[in-house]
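Everything below concerns the one structure shown next.
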Amino acid sequence: MKVPRPWSARAWLDTAHVMIGLPVAVLLGGLTLLLAAWPPLLMRSVPLFTRVQRSRFEAFLDAHIPPVRSPSSWRSPATWRQIGYHLLSPFVGFAGAVLVALAWGGAIVGLLSFLPQKLQPPPMEFEEFDLRDGRVVAIYIAIGFVLLLLAPVLARGMAALDLSVARTLLGPSRSELGQRIETLTESRAGVIDAADAERRRIERDLHDGAQQRLVSLAMNLGLARATLTDLPEPAREAIEQAHEEAKQALKELRDFVRGLHPAVLNDQGLDAALSGVAARAPFPVKLHVDIERRATPTIEAVAFFIVSEALTNIAKHAAATKAEVSVRRERERLHVLVYDDGCGGARLDGGTGLRGLAQRIDSVDGSLRLSSPLGGPTTIEVELPCE
């Protein structure tokens, strides 16, 4: 915990949180006790009291306490946790307010003891402490200086204690957090599966629709180019140019479709799909795939994307003469390794390619390790959950 300076905004915000928290806690605690005689009204009031306290933590400590579902019955644990906080907070607030007020007050009194008595705060007079004695004044000033340094620490500590109690009683419990995590995990998996299914649908539509029409167009232009030899030169040149453009567009569309989700990946698995990627690389690629049992379609798609994108990056940036790709399954983990003998220097924050890899891997709770010293070689190691 960083100790705030006495003159910092953090020290004053902590102090304000503690001092304002006492009357707020007393008011809400008293109302909780009072409304206990009318349970239906208390049930409707407790969420309002909780929102007031959460807004106090956000205003002074910039701390967000996750909301819980509104209490619906006396059997709800959230109901009793919130009621417990509103009944406990006056005691926590009283202890904090007293300690912080004494620290700041003692600091002010001690540091002002050197002023003439007419300008000092009304003191408690004791015959054995004569403020006209320089040694006594020095002791007072020293004590005031120590309290000045101690007051922000006390304010920070009491604010942290109040926040800890509030997070425990006003926020969701461990079981509720576990249920939320499980729900979010399932929903994220559903979104990923839906996105992968959508990519496969787009691949099928492009393959069966636009790609077939481009093939037909290229064939017709090629036929016209071969048979219509008696046309004027400008017309023949236009047909030849259109034929070449159609073939180039067809090649680009095939590459795009293959990058989306190659059909061979669904039909024959990673081994066949990665063999095609390795064969198209502009450098020798040694491929080793050892998978006895296929992973889920989503994990296979992620693994294919990793290898495809990694080989593309090697071709663009690494100046490598060879690469190696290894894919193996060990129990419920799929291990992917991509190695190249290029110039190295790759970084996860160096471009969109590796960032995209990391994001795709994170989306399925995988892990990525990158080793790429300057001068090479570069090794990318990825672990993916198979289920």
Side-chain angles (χ1 to χ4, degrees), residues 188-207 211 251-318 320 322-330 332-340 346 348 351-370 378-387:
R188 184 188 64 177
V191 170
I192 294 172
D193 291 342
D196 189 59
E198 183 66 13
R199 282 195 296 270
R200 290 196 295 270
R201 185 192 64 79
I202 294 173
E203 184 271 333
R204 287 194 303 270
D205 291 346
L206 290 175
H207 183 273
Q211 185 171 322
K251 179 181 180 300
E252 293 178 356
L253 181 60
R254 283 173 175 166
D255 292 339
F256 175 71
V257 170
R258 192 181 296 115
L260 274 176
H261 195 97
V264 68
L265 181 61
N266 287 335
D267 299 336
Q268 303 180 38
L270 269 175
D271 195 355
L274 294 181
S275 296
V277 174
R280 291 190 299 272
F283 46 81
V285 178
K286 182 179 179 181
L287 176 65
H288 176 70
V289 179
D290 182 13
I291 302 176
E292 296 181 357
R293 184 162 49 95
R294 294 183 62 173
T296 62
T298 299
I299 296 301
E300 287 189 340
V302 172
F304 175 83
F305 175 82
I306 291 168
V307 175
S308 179
E309 185 68 18
L311 293 180
T312 300
N313 289 338
I314 293 171
K316 288 181 178 179
H317 310 295
K322 63 179 181 179
E324 296 181 11
V325 176
S326 172
V327 182
R328 72 184 192 279
R329 176 168 180 167
E330 293 182 358
E332 300 306 321
R333 305 292 290 182
L334 189 69
H335 299 263
V336 180
L337 185 144
V338 181
Y339 166 89
D340 71 82
L348 291 176
T352 58
L354 287 177
R355 258 202 318 271
L357 279 181
Q359 291 171 352
R360 184 71 70 91
I361 293 165
D362 288 340
S363 70
V364 293
D365 289 333
S367 63
L368 168 65
R369 290 187 297 275
L370 172 66
T378 297
T379 303
I380 298 174
E381 297 180 71
V382 178
E383 288 189 11
L384 302 173
C386 292
E387 300 298 335

Write down the atom of [X], the atom of [Y], and the distance for their closest heavy-atom approach.
X: E330; Y: H335; value: OE1-NE2, 3.5 Å
X: S367; Y: R333; value: OG-NH2, 4.5 Å
X: S308; Y: T312; value: O-OG1, 2.8 Å
X: A346; Y: L370; value: O-CD2, 3.6 Å
X: V338; Y: A310; value: CG1-CB, 3.9 Å
X: P282; Y: A315; value: CG-CB, 3.8 Å

How about [X] and [Y]: do any of their side-chain heavy atoms sit closer than 4.5 Å?
X: V307; Y: L270; result: no
X: V382; Y: L334; result: no
X: F283; Y: D340; result: no
X: K322; Y: K286; result: no

Pairwise distance [atom1]([X]) to [atom2]([Y]) - rounded to 0.5 angstrom:
X: L337; Y: E383; atom1: CG; atom2: CD; value: 11.0 Å
X: I380; Y: E309; atom1: CD1; atom2: CD; value: 9.5 Å
X: T379; Y: E324; atom1: OG1; atom2: CD; value: 9.0 Å
X: L384; Y: E332; atom1: CG; atom2: CD; value: 13.0 Å
X: I306; Y: I361; atom1: CD1; atom2: CD1; value: 4.0 Å
X: R328; Y: I291; atom1: CZ; atom2: CD1; value: 11.0 Å

Task: E292 backbone acceptor or donor facing R329 side chain under 3.5 Å - done: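 Side chain of R329 to backbone of E292: no pair is present.
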